[in-house]
Enquirer: 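Quick one: the structure is below, questions incoming.
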Number of protein chains: 2
Amino acid sequence: MTGERRSYRRESEESRREALVLAALDLLAEGGPAVATVRAIADRAGVTPGLIRHYFAGKDDLTRAAYRYFMERMTAESVAAMAAGPDDPRARLSRFVTSSLRPPVMEPLRLSLWTGFLQLLHSDPEMRAIHRQTYHGYRDVLEALIVALARPGTDAARCRADAIACNGVIDGLWLEGAALPEDFSGDLIEQIGLRAVGAILGADLPEPEKDHP
Amino acid sequence: MTGERRSYRRESEESRREALVLAALDLLAEGGPAVATVRAIADRAGVTPGLIRHYFAGKDDLTRAAYRYFMERMTAESVAAMAAGPDDPRARLSRFVTSSLRPPVMEPLRLSLWTGFLQLLHSDPEMRAIHRQTYHGYRDVLEALIVALARPGTDAARCRADAIACNGVIDGLWLEGAALPEDFSGDLIEQIGLRAVGAILGADLPEPEKDHP
DNA sequence: CCCGTTGTTATACGAATGTATAATAGCGTC
DNA sequence: GACGCTATTATACATTCGTATAACAACGGG
(Lines give C-alpha, C1' and ligand atoms only; values in the text may rest on other atoms or scores of the structure.)
Protein backbone atom coordinates (compact mmCIF):
# COMPACT_ATOMS: atom_id res chain seq x y z
CA MET A 1 0.00 0.00 0.00
CA THR A 2 1.65 3.15 1.26
CA GLY A 3 4.76 1.39 2.45
CA GLU A 4 6.64 1.70 -0.82
CA ARG A 5 10.39 1.82 -0.52
CA ARG A 6 11.71 4.76 -2.46
CA SER A 7 13.64 4.02 -5.60
CA TYR A 8 17.21 5.16 -6.02
CA ARG A 9 20.26 4.98 -8.25
CA ARG A 10 23.69 3.92 -7.20
CA GLU A 11 26.22 6.62 -7.83
CA SER A 12 29.93 7.10 -7.49
CA GLU A 13 31.44 7.85 -4.14
CA GLU A 14 32.85 11.07 -5.52
CA SER A 15 29.58 12.51 -6.70
CA ARG A 16 27.74 11.48 -3.55
CA ARG A 17 30.32 13.09 -1.32
CA GLU A 18 30.22 16.29 -3.33
CA ALA A 19 26.44 16.37 -3.31
CA LEU A 20 26.41 16.02 0.46
CA VAL A 21 29.07 18.69 0.89
CA LEU A 22 27.21 21.12 -1.36
CA ALA A 23 23.96 20.45 0.46
CA ALA A 24 25.64 21.10 3.79
CA LEU A 25 27.09 24.37 2.50
CA ASP A 26 23.70 25.49 1.21
CA LEU A 27 21.99 24.89 4.50
CA LEU A 28 24.80 26.31 6.61
CA ALA A 29 24.71 29.50 4.57
CA GLU A 30 20.95 29.84 4.72
CA GLY A 31 20.25 29.03 8.32
CA GLY A 32 23.44 28.26 10.16
CA PRO A 33 24.26 25.09 12.11
CA ALA A 34 20.82 25.02 13.69
CA VAL A 35 19.28 24.30 10.29
CA ALA A 36 22.02 22.13 8.82
CA THR A 37 20.96 18.93 10.53
CA VAL A 38 21.82 15.50 9.28
CA ARG A 39 18.28 14.98 8.09
CA ALA A 40 18.04 18.33 6.31
CA ILE A 41 21.38 17.84 4.58
CA ALA A 42 20.43 14.38 3.37
CA ASP A 43 17.08 15.68 2.17
CA ARG A 44 18.70 18.52 0.24
CA ALA A 45 21.14 16.09 -1.33
CA GLY A 46 18.30 13.79 -2.34
CA VAL A 47 19.26 10.89 -0.12
CA THR A 48 18.32 9.55 3.29
CA PRO A 49 20.17 10.44 6.49
CA GLY A 50 21.78 7.08 6.92
CA LEU A 51 23.85 7.56 3.79
CA ILE A 52 25.83 10.34 5.40
CA ARG A 53 27.32 7.89 7.85
CA HIS A 54 28.19 5.64 4.96
CA TYR A 55 30.45 8.25 3.36
CA PHE A 56 31.54 10.23 6.41
CA ALA A 57 32.61 9.13 9.85
CA GLY A 58 30.00 11.46 11.34
CA LYS A 59 28.53 14.88 11.04
CA ASP A 60 31.75 16.53 12.19
CA ASP A 61 33.62 14.80 9.41
CA LEU A 62 31.17 16.11 6.85
CA THR A 63 31.47 19.60 8.31
CA ARG A 64 35.23 19.55 7.98
CA ALA A 65 35.00 18.39 4.37
CA ALA A 66 32.56 21.21 3.67
CA TYR A 67 34.86 23.78 5.23
CA ARG A 68 37.84 22.69 3.17
CA TYR A 69 35.73 22.68 0.02
CA PHE A 70 34.43 26.16 0.76
CA MET A 71 37.80 27.76 1.49
CA GLU A 72 39.50 26.21 -1.49
CA ARG A 73 36.72 27.39 -3.76
CA MET A 74 37.02 30.95 -2.44
CA THR A 75 40.72 31.07 -3.17
CA ALA A 76 40.28 29.38 -6.54
CA GLU A 77 37.78 32.00 -7.63
CA SER A 78 40.12 34.86 -6.86
CA VAL A 79 42.99 33.05 -8.50
CA ALA A 80 40.90 32.49 -11.61
CA ALA A 81 40.03 36.18 -11.78
CA MET A 82 43.68 37.05 -11.30
CA ALA A 83 44.81 34.75 -14.08
CA ALA A 84 42.18 35.90 -16.55
CA GLY A 85 43.70 38.96 -18.17
CA PRO A 86 46.92 40.73 -19.09
CA ASP A 87 50.11 39.40 -17.59
CA ASP A 88 51.24 42.68 -16.09
CA PRO A 89 52.08 42.14 -12.38
CA ARG A 90 50.21 45.19 -11.19
CA ALA A 91 47.13 44.36 -13.25
CA ARG A 92 47.16 40.80 -11.93
CA LEU A 93 47.34 41.98 -8.33
CA SER A 94 44.62 44.50 -9.03
CA ARG A 95 42.27 41.84 -10.38
CA PHE A 96 43.04 39.58 -7.44
CA VAL A 97 42.11 42.26 -4.93
CA THR A 98 38.95 43.51 -6.58
CA SER A 99 37.57 40.07 -7.32
CA SER A 100 37.72 39.34 -3.60
CA LEU A 101 35.73 42.47 -2.84
CA ARG A 102 32.68 41.98 -5.01
CA PRO A 103 30.08 39.30 -5.58
CA PRO A 104 30.06 36.41 -5.68
CA VAL A 105 32.99 36.31 -3.28
CA MET A 106 31.82 39.21 -1.12
CA GLU A 107 28.28 38.22 -0.25
CA PRO A 108 26.18 38.11 2.93
CA LEU A 109 25.48 34.41 2.58
CA ARG A 110 29.16 33.64 2.36
CA LEU A 111 29.79 35.70 5.46
CA SER A 112 27.36 33.77 7.61
CA LEU A 113 28.71 30.55 6.18
CA TRP A 114 32.24 31.61 6.98
CA THR A 115 31.43 32.76 10.50
CA GLY A 116 29.71 29.47 11.14
CA PHE A 117 32.87 27.61 10.32
CA LEU A 118 35.13 30.02 12.13
CA GLN A 119 33.29 29.30 15.30
CA LEU A 120 34.34 25.69 15.27
CA LEU A 121 37.99 26.66 15.16
CA HIS A 122 38.80 26.91 18.81
CA SER A 123 37.13 23.67 19.83
CA ASP A 124 38.20 21.51 16.88
CA PRO A 125 41.95 21.29 16.26
CA GLU A 126 41.41 19.61 12.92
CA MET A 127 39.30 22.53 11.78
CA ARG A 128 42.05 24.88 12.87
CA ALA A 129 44.51 22.92 10.78
CA ILE A 130 42.27 23.27 7.75
CA HIS A 131 41.95 26.96 8.45
CA ARG A 132 45.69 27.39 8.65
CA GLN A 133 46.26 25.50 5.42
CA THR A 134 43.71 27.42 3.42
CA TYR A 135 44.64 30.76 4.95
CA HIS A 136 48.28 30.23 4.09
CA GLY A 137 47.24 29.12 0.63
CA TYR A 138 45.49 32.40 0.00
CA ARG A 139 48.24 34.48 1.54
CA ASP A 140 50.95 32.71 -0.43
CA VAL A 141 49.22 33.62 -3.67
CA LEU A 142 49.04 37.21 -2.50
CA GLU A 143 52.67 37.17 -1.46
CA ALA A 144 53.75 35.82 -4.81
CA LEU A 145 51.88 38.62 -6.55
CA ILE A 146 53.57 41.15 -4.31
CA VAL A 147 57.01 39.69 -4.93
CA ALA A 148 56.29 39.82 -8.67
CA LEU A 149 55.95 43.58 -8.40
CA ALA A 150 59.76 43.62 -8.05
CA ARG A 151 59.74 46.71 -5.90
CA PRO A 152 63.28 47.97 -5.37
CA GLY A 153 64.73 47.72 -1.90
CA THR A 154 62.20 45.23 -0.50
CA ASP A 155 63.45 41.95 0.89
CA ALA A 156 61.54 38.72 1.45
CA ALA A 157 60.62 39.51 5.05
CA ARG A 158 59.14 42.82 4.01
CA CYS A 159 57.09 41.13 1.30
CA ARG A 160 55.79 38.65 3.84
CA ALA A 161 54.74 41.43 6.20
CA ASP A 162 53.14 43.32 3.34
CA ALA A 163 51.22 40.22 2.34
CA ILE A 164 49.88 39.87 5.87
CA ALA A 165 48.82 43.51 5.87
CA CYS A 166 47.15 43.31 2.46
CA ASN A 167 45.44 40.11 3.45
CA GLY A 168 44.12 41.97 6.47
CA VAL A 169 42.73 44.80 4.38
CA ILE A 170 41.03 42.41 2.01
CA ASP A 171 39.58 40.28 4.79
CA GLY A 172 38.37 43.26 6.77
CA LEU A 173 36.77 45.03 3.84
CA TRP A 174 35.23 41.78 2.66
CA LEU A 175 33.76 41.39 6.11
CA GLU A 176 32.29 44.87 6.26
CA GLY A 177 30.94 44.80 2.75
CA ALA A 178 29.27 41.47 3.30
CA ALA A 179 27.89 42.34 6.73
CA LEU A 180 26.33 45.65 5.67
CA PRO A 181 25.91 45.47 1.90
CA GLU A 182 23.46 48.36 1.81
CA ASP A 183 26.01 50.66 3.43
CA PHE A 184 28.42 50.65 0.50
CA SER A 185 27.15 51.58 -2.93
CA GLY A 186 28.53 50.27 -6.20
CA ASP A 187 32.18 49.43 -6.27
CA LEU A 188 33.12 51.63 -3.31
CA ILE A 189 34.66 48.78 -1.35
CA GLU A 190 36.68 47.64 -4.34
CA GLN A 191 38.12 51.10 -4.90
CA ILE A 192 38.94 51.60 -1.24
CA GLY A 193 40.61 48.20 -1.15
CA LEU A 194 42.61 48.94 -4.25
CA ARG A 195 43.87 52.23 -2.93
CA ALA A 196 44.68 50.79 0.51
CA VAL A 197 46.67 47.90 -0.96
CA GLY A 198 48.45 50.31 -3.25
CA ALA A 199 49.33 52.58 -0.34
CA ILE A 200 50.66 49.70 1.73
CA LEU A 201 52.82 48.45 -1.12
CA GLY A 202 53.87 51.88 -2.33
CA ALA A 203 52.64 50.96 -5.80
CA ASP A 204 49.95 52.51 -7.92
CA LEU A 205 47.47 49.80 -8.89
CA PRO A 206 45.44 50.21 -12.06
CA GLU A 207 41.69 49.97 -12.00
CA PRO A 208 40.70 46.64 -13.49
CA GLU A 209 39.11 46.47 -16.92
CA LYS A 210 35.33 46.62 -16.81
CA ASP A 211 33.42 43.71 -18.22
CA HIS A 212 30.59 45.99 -19.30
CA PRO A 213 31.75 49.04 -21.31
CA MET B 1 17.75 10.97 52.06
CA THR B 2 19.07 12.15 48.70
CA GLY B 3 16.02 14.17 47.73
CA GLU B 4 17.18 17.40 49.36
CA ARG B 5 15.93 20.53 47.70
CA ARG B 6 18.83 22.88 47.11
CA SER B 7 18.92 26.06 49.14
CA TYR B 8 18.95 29.44 47.47
CA ARG B 9 18.78 33.16 48.08
CA ARG B 10 16.33 35.57 46.54
CA GLU B 11 18.12 38.26 44.58
CA SER B 12 17.26 41.35 42.62
CA GLU B 13 16.02 41.12 39.09
CA GLU B 14 18.94 43.24 37.94
CA SER B 15 21.65 41.03 39.36
CA ARG B 16 19.97 37.85 38.19
CA ARG B 17 19.62 39.13 34.65
CA GLU B 18 23.24 40.21 34.56
CA ALA B 19 24.43 36.90 35.97
CA LEU B 20 22.51 35.04 33.29
CA VAL B 21 23.82 37.31 30.54
CA LEU B 22 27.41 36.92 31.71
CA ALA B 23 27.02 33.17 31.92
CA ALA B 24 25.64 33.10 28.39
CA LEU B 25 28.57 35.17 27.12
CA ASP B 26 31.06 32.89 28.84
CA LEU B 27 29.61 29.78 27.29
CA LEU B 28 29.10 31.31 23.86
CA ALA B 29 32.73 32.34 23.81
CA GLU B 30 34.01 28.99 24.97
CA GLY B 31 31.94 26.63 22.90
CA GLY B 32 29.53 28.53 20.71
CA PRO B 33 25.77 28.10 20.56
CA ALA B 34 26.09 24.33 20.71
CA VAL B 35 27.39 24.58 24.25
CA ALA B 36 25.39 27.58 25.43
CA THR B 37 22.26 25.63 26.22
CA VAL B 38 19.62 26.78 28.64
CA ARG B 39 20.76 24.23 31.17
CA ALA B 40 24.44 25.09 30.86
CA ILE B 41 23.79 28.81 31.15
CA ALA B 42 21.66 28.32 34.23
CA ASP B 43 24.29 26.07 35.76
CA ARG B 44 27.05 28.59 35.11
CA ALA B 45 24.94 31.33 36.63
CA GLY B 46 24.31 29.21 39.71
CA VAL B 47 20.60 28.76 39.19
CA THR B 48 18.28 26.19 37.68
CA PRO B 49 17.08 26.29 34.07
CA GLY B 50 13.54 27.26 34.88
CA LEU B 51 14.65 30.61 36.20
CA ILE B 52 15.71 31.76 32.76
CA ARG B 53 12.14 31.70 31.60
CA HIS B 54 11.21 33.72 34.63
CA TYR B 55 13.42 36.63 33.57
CA PHE B 56 13.47 36.24 29.80
CA ALA B 57 10.74 35.46 27.31
CA GLY B 58 12.86 32.63 25.94
CA LYS B 59 16.35 31.71 24.94
CA ASP B 60 16.35 34.09 21.97
CA ASP B 61 15.48 36.93 24.27
CA LEU B 62 18.42 36.11 26.49
CA THR B 63 20.70 35.91 23.46
CA ARG B 64 19.71 39.38 22.32
CA ALA B 65 20.33 40.78 25.77
CA ALA B 66 23.77 39.17 25.77
CA TYR B 67 24.58 40.60 22.35
CA ARG B 68 23.58 44.07 23.42
CA TYR B 69 25.65 43.76 26.58
CA PHE B 70 28.69 42.50 24.70
CA MET B 71 28.66 45.24 22.07
CA GLU B 72 28.19 48.00 24.58
CA ARG B 73 31.11 46.72 26.60
CA MET B 74 33.35 46.47 23.53
CA THR B 75 32.59 50.03 22.51
CA ALA B 76 33.30 51.31 25.99
CA GLU B 77 36.66 49.52 26.04
CA SER B 78 37.76 50.93 22.70
CA VAL B 79 36.90 54.47 23.65
CA ALA B 80 38.72 54.13 26.95
CA ALA B 81 41.87 52.77 25.30
CA MET B 82 41.89 55.66 22.86
CA ALA B 83 41.42 58.35 25.48
CA ALA B 84 44.03 57.15 27.97
CA GLY B 85 47.29 58.94 27.15
CA PRO B 86 48.87 62.04 25.64
CA ASP B 87 46.62 64.23 23.55
CA ASP B 88 48.75 64.20 20.39
CA PRO B 89 46.51 63.17 17.45
CA ARG B 90 49.00 60.73 16.02
CA ALA B 91 49.68 59.16 19.39
CA ARG B 92 45.96 58.78 20.04
CA LEU B 93 45.42 57.09 16.72
CA SER B 94 48.44 54.90 17.32
CA ARG B 95 47.08 53.73 20.67
CA PHE B 96 43.69 53.11 19.16
CA VAL B 97 45.14 50.87 16.48
CA THR B 98 47.55 48.88 18.60
CA SER B 99 45.17 48.38 21.48
CA SER B 100 42.80 46.67 19.05
CA LEU B 101 45.55 44.32 17.87
CA ARG B 102 46.70 42.80 21.14
CA PRO B 103 45.12 41.06 24.09
CA PRO B 104 42.67 41.35 25.62
CA VAL B 105 40.92 42.75 22.56
CA MET B 106 42.60 40.44 20.08
CA GLU B 107 41.91 37.06 21.61
CA PRO B 108 40.64 33.73 20.32
CA LEU B 109 37.77 33.69 22.77
CA ARG B 110 36.52 37.06 21.62
CA LEU B 111 36.72 35.93 18.05
CA SER B 112 34.48 32.94 18.59
CA LEU B 113 32.09 35.04 20.60
CA TRP B 114 31.98 37.66 17.90
CA THR B 115 31.50 35.16 15.09
CA GLY B 116 28.74 33.51 17.06
CA PHE B 117 26.78 36.70 17.17
CA LEU B 118 27.63 37.68 13.63
CA GLN B 119 26.00 34.51 12.49
CA LEU B 120 22.64 35.59 13.81
CA LEU B 121 22.78 38.76 11.76
CA HIS B 122 21.18 37.57 8.60
CA SER B 123 18.20 35.92 10.26
CA ASP B 124 17.47 38.44 13.01
CA PRO B 125 16.81 42.05 11.92
CA GLU B 126 17.07 43.33 15.47
CA MET B 127 20.57 41.94 15.75
CA ARG B 128 21.50 43.55 12.45
CA ALA B 129 20.29 46.91 13.69
CA ILE B 130 22.49 46.66 16.76
CA HIS B 131 25.41 45.59 14.60
CA ARG B 132 25.04 48.60 12.33
CA GLN B 133 24.85 51.00 15.26
CA THR B 134 27.95 49.71 16.97
CA TYR B 135 29.92 49.36 13.76
CA HIS B 136 29.21 52.95 12.82
CA GLY B 137 30.07 54.02 16.34
CA TYR B 138 33.45 52.38 16.11
CA ARG B 139 34.15 53.76 12.66
CA ASP B 140 33.09 57.25 13.64
CA VAL B 141 35.66 57.27 16.41
CA LEU B 142 38.29 56.18 13.92
CA GLU B 143 37.19 58.81 11.43
CA ALA B 144 37.38 61.53 14.07
CA LEU B 145 40.91 60.48 14.89
CA ILE B 146 41.83 60.63 11.22
CA VAL B 147 40.27 64.04 10.76
CA ALA B 148 42.20 65.24 13.79
CA LEU B 149 45.43 64.47 11.95
CA ALA B 150 44.67 67.58 9.89
CA ARG B 151 46.38 66.23 6.80
CA PRO B 152 46.66 68.92 4.14
CA GLY B 153 44.56 68.49 1.01
CA THR B 154 42.18 65.83 2.36
CA ASP B 155 38.46 66.52 2.32
CA ALA B 156 35.70 64.89 4.36
CA ALA B 157 34.90 62.24 1.77
CA ARG B 158 38.51 61.19 1.65
CA CYS B 159 38.63 60.91 5.43
CA ARG B 160 35.52 58.76 5.37
CA ALA B 161 37.03 56.43 2.80
CA ASP B 162 40.27 56.29 4.76
CA ALA B 163 38.35 55.41 7.90
CA ILE B 164 36.66 52.55 6.09
CA ALA B 165 40.01 51.30 4.83
CA CYS B 166 41.71 51.56 8.23
CA ASN B 167 38.76 49.88 9.85
CA GLY B 168 39.22 47.08 7.34
CA VAL B 169 42.90 46.66 8.18
CA ILE B 170 42.21 46.58 11.88
CA ASP B 171 39.33 44.14 11.57
CA GLY B 172 41.21 41.86 9.22
CA LEU B 173 44.41 41.75 11.25
CA TRP B 174 42.44 41.33 14.45
CA LEU B 175 40.72 38.40 12.84
CA GLU B 176 43.88 36.73 11.66
CA GLY B 177 45.74 37.29 14.90
CA ALA B 178 42.88 35.89 16.94
CA ALA B 179 42.28 32.94 14.65
CA LEU B 180 45.92 31.82 14.49
CA PRO B 181 47.63 33.28 17.55
CA GLU B 182 50.59 30.94 17.29
CA ASP B 183 51.34 32.14 13.76
CA PHE B 184 52.32 35.65 14.77
CA SER B 185 54.98 36.13 17.41
CA GLY B 186 55.16 39.04 19.82
CA ASP B 187 53.80 42.33 18.59
CA LEU B 188 54.13 41.50 14.90
CA ILE B 189 50.47 42.11 14.16
CA GLU B 190 50.53 45.44 16.00
CA GLN B 191 53.52 46.67 14.01
CA ILE B 192 52.10 45.53 10.70
CA GLY B 193 48.82 47.24 11.54
CA LEU B 194 50.55 50.43 12.53
CA ARG B 195 52.56 50.56 9.34
CA ALA B 196 49.57 49.71 7.16
CA VAL B 197 47.38 52.39 8.71
CA GLY B 198 50.24 54.86 8.41
CA ALA B 199 50.70 54.00 4.74
CA ILE B 200 47.00 54.38 3.98
CA LEU B 201 46.87 57.76 5.70
CA GLY B 202 50.22 58.95 4.44
CA ALA B 203 51.23 59.69 8.02
CA ASP B 204 54.01 58.26 10.11
CA LEU B 205 52.52 56.84 13.30
CA PRO B 206 54.67 56.65 16.43
CA GLU B 207 55.09 53.37 18.24
CA PRO B 208 53.01 53.53 21.39
CA GLU B 209 54.61 53.88 24.78
CA LYS B 210 55.43 50.53 26.35
CA ASP B 211 53.86 49.74 29.68
CA HIS B 212 56.88 47.67 30.70
CA PRO B 213 60.26 49.38 30.18
C1' DC C 1 4.93 34.72 64.88
C1' DC C 2 2.36 33.40 61.25
C1' DC C 3 0.99 34.12 56.54
C1' DG C 4 0.83 35.44 51.69
C1' DT C 5 3.55 36.61 47.78
C1' DT C 6 6.60 35.11 44.43
C1' DG C 7 11.35 34.00 43.40
C1' DT C 8 13.22 29.54 42.74
C1' DT C 9 13.54 24.67 42.28
C1' DA C 10 12.03 20.25 40.61
C1' DT C 11 9.88 17.42 37.34
C1' DA C 12 7.74 16.37 33.13
C1' DC C 13 6.86 16.54 28.12
C1' DG C 14 7.17 16.64 23.18
C1' DA C 15 10.18 17.43 19.54
C1' DA C 16 14.44 17.00 17.32
C1' DT C 17 19.13 15.52 17.08
C1' DG C 18 23.17 12.27 15.90
C1' DT C 19 24.03 7.60 15.61
C1' DA C 20 23.50 2.50 15.31
C1' DT C 21 21.51 -1.54 13.17
C1' DA C 22 18.66 -4.28 10.18
C1' DA C 23 16.30 -4.78 5.82
C1' DT C 24 16.04 -3.93 0.91
C1' DA C 25 17.29 -3.30 -3.95
C1' DG C 26 20.32 -1.68 -7.59
C1' DC C 27 23.84 -3.30 -10.51
C1' DG C 28 28.02 -5.69 -12.01
C1' DT C 29 29.46 -10.57 -12.78
C1' DC C 30 29.50 -15.19 -14.07
C1' DG D 1 19.18 -14.90 -15.88
C1' DA D 2 20.37 -16.07 -11.19
C1' DC D 3 23.68 -14.56 -7.74
C1' DG D 4 26.32 -11.74 -4.58
C1' DC D 5 28.13 -7.48 -3.14
C1' DT D 6 27.15 -3.28 -1.14
C1' DA D 7 25.09 1.24 -1.79
C1' DT D 8 20.97 2.86 -0.02
C1' DT D 9 16.82 2.95 2.62
C1' DA D 10 14.11 2.27 6.72
C1' DT D 11 13.57 1.88 11.52
C1' DA D 12 14.91 2.18 16.16
C1' DC D 13 17.37 4.24 20.18
C1' DA D 14 19.41 7.04 23.54
C1' DT D 15 20.26 11.73 24.35
C1' DT D 16 19.46 16.49 24.65
C1' DC D 17 17.14 20.46 23.62
C1' DG D 18 13.65 24.37 24.88
C1' DT D 19 9.60 24.92 27.22
C1' DA D 20 5.62 24.20 30.39
C1' DT D 21 3.80 23.29 34.90
C1' DA D 22 3.60 22.21 39.70
C1' DA D 23 5.70 22.13 44.24
C1' DC D 24 8.47 24.38 47.50
C1' DA D 25 10.77 27.97 50.44
C1' DA D 26 12.70 32.57 51.25
C1' DC D 27 11.56 36.85 52.78
C1' DG D 28 8.67 40.94 53.94
C1' DG D 29 4.39 42.70 56.12
C1' DG D 30 0.73 41.97 59.33
Side-chain angles (χ1 to χ4, degrees), chain A residues 1-24 27-28 30-67 116 119-120 123-124 126-127, chain B residues 1-24 27-28 30-67 116 119-120 123-124:
Chain A
M1 317 270 101
T2 62
E4 294 273 315
R5 193 187 182 89
R6 86 191 247 178
S7 68
Y8 61 92
R9 284 180 38 221
R10 293 192 162 200
E11 297 199 357
S12 71
E13 169 171 351
E14 186 185 20
S15 74
R16 274 281 134 91
R17 290 180 74 100
E18 186 178 18
L20 287 170
V21 162
L22 289 177
L27 290 168
L28 280 171
E30 293 171 9
V35 170
T37 67
V38 170
R39 286 168 177 80
I41 293 171
D43 194 55
R44 176 74 57 111
V47 297
T48 51
L51 197 63
I52 288 183
R53 297 255 318 146
H54 189 265
Y55 285 112
F56 298 93
K59 195 197 179 185
D60 292 351
D61 193 31
L62 170 56
T63 302
R64 286 190 274 261
Y67 184 48
Q119 212 165 5
L120 305 174
S123 61
D124 189 337
E126 203 165 328
M127 285 289 275
Chain B
M1 320 259 99
T2 63
E4 293 272 314
R5 193 186 182 89
R6 85 191 249 178
S7 69
Y8 60 92
R9 284 179 38 220
R10 294 190 164 200
E11 297 200 356
S12 70
E13 168 171 351
E14 186 185 19
S15 75
R16 275 278 133 91
R17 291 181 73 100
E18 186 178 19
L20 288 170
V21 162
L22 289 177
L27 291 168
L28 279 171
E30 292 172 10
V35 170
T37 68
V38 169
R39 286 168 177 80
I41 293 170
D43 194 54
R44 176 74 57 110
V47 297
T48 52
L51 197 63
I52 287 183
R53 297 254 318 147
H54 189 265
Y55 286 112
F56 297 93
K59 196 195 180 186
D60 293 350
D61 192 31
L62 170 57
T63 302
R64 280 196 202 91
Y67 183 51
Q119 210 171 348
L120 305 175
S123 60
D124 190 333

Enquirer: Starting from the 5' end of DNA chain D, give me the residue, B:G58 or A:S7, whose nearest nucleotide shows up first.
Expert: A:S7
Enquirer: Calculate the interatomic distance between A:L51 atom CG and C:dG26 atom P; express it in whole Å.
Expert: 15 Å
Enquirer: Carefully, step by step, assess B:R44 and B:L27 under the rule side-chain contact (heavy atoms from CB on, under 4.5 Å).
Expert: CA-CA 8 Å; B:R44 176 74 57 110; B:L27 291 168; 3.3 Å; yes
Enquirer: Kindly indicate whether the side chain of A:R6 and the base of D:dT9 share any N or O donor-acceptor pair separated by less than 3.5 Å?
Expert: no
Enquirer: Remember a base hit wins even if backbone is also touched, and classify A:T37 as base, sugar-phosphate or nothing at under 4.0 Å, heavy atoms.
Expert: sugar-phosphate
Enquirer: Could you tell me the separation between the CD atom of B:E11 and the P atom of D:dG28, rounded to a whole number of Å?
Expert: 13 Å
Enquirer: B:R17 has an atom CZ; how far is it from atom C1' of C:dT8, in whole Å?
Expert: 16 Å
Enquirer: Just distance, no hydrogens or angles: give the donor-acceptor pairs under 3.5 Å from side chains in residues 58-65 of chain B, sequence neighbours left out.
Expert:
unit_1	atom_1	unit_2	atom_2	d
B:K59	NZ	B:A36	O	3.0
B:D61	OD2	B:A57	N	3.2
B:T63	OG1	B:K59	O	2.9
B:R64	NE	B:D124	OD2	3.0
B:R64	NH2	B:D124	OD2	3.1

Enquirer: Side-chain N or O of A:H54 less than 4.0 angstrom from OP1 or OP2 on D:dA7?
Expert: yes
Enquirer: D:dT19 C1' sits how many Å from B:I52 CD1, rounded?
Expert: 11 Å
Enquirer: Atom CZ of B:R16 and atom CD1 of B:I52: how far apart are they, to the nearest 0.5 Å?
Expert: 11.5 Å
Enquirer: Base, sugar-phosphate alone, or nothing: which one does B:R39 contact when heavy atoms must sit under 4.0 Å apart?
Expert: base
Enquirer: To the nearest Å, give me how far apart NZ (B:K59) and P (D:dT19) are.
Expert: 8 Å
Enquirer: Is there a side-chain polar atom (N or O) of B:R16 under 4.0 Å from OP1 or OP2 of C:dT8?
Expert: yes
Enquirer: Does the C:dT6 base have a donor-acceptor partner in the side chain of B:R10 within less than 3.5 Å?
Expert: yes
Enquirer: Please state how far atom CZ in A:R9 lies from atom P in D:dT9, giving the value in whole angstrom units.
Expert: 12 Å
Enquirer: Using atom CD of A:E13 as one end and atom P of D:dT6 as the other, report the distance to the nearest whole Å.
Expert: 13 Å
Enquirer: Quick one, A:V21 with A:F56, criterion side-chain contact (heavy atoms from CB on, under 4.5 Å). Give me CA distance, side-chain angles, the key distance, then yes/no.
Expert: CA-CA 10 Å; A:V21 162; A:F56 298 93; 4.2 Å; yes
Enquirer: Given C:dT8, D:dT19, D:dT9, identify the nucleotide with an atom nearest to the side chain of B:Y8.
Expert: C:dT8
Enquirer: Output the rounded distance in Å from OH (A:Y55) to P (C:dG18).
Expert: 20 Å
Enquirer: Side chains of B:L51 and B:H54: closer than 4.5 Å at any heavy-atom pair?
Expert: yes
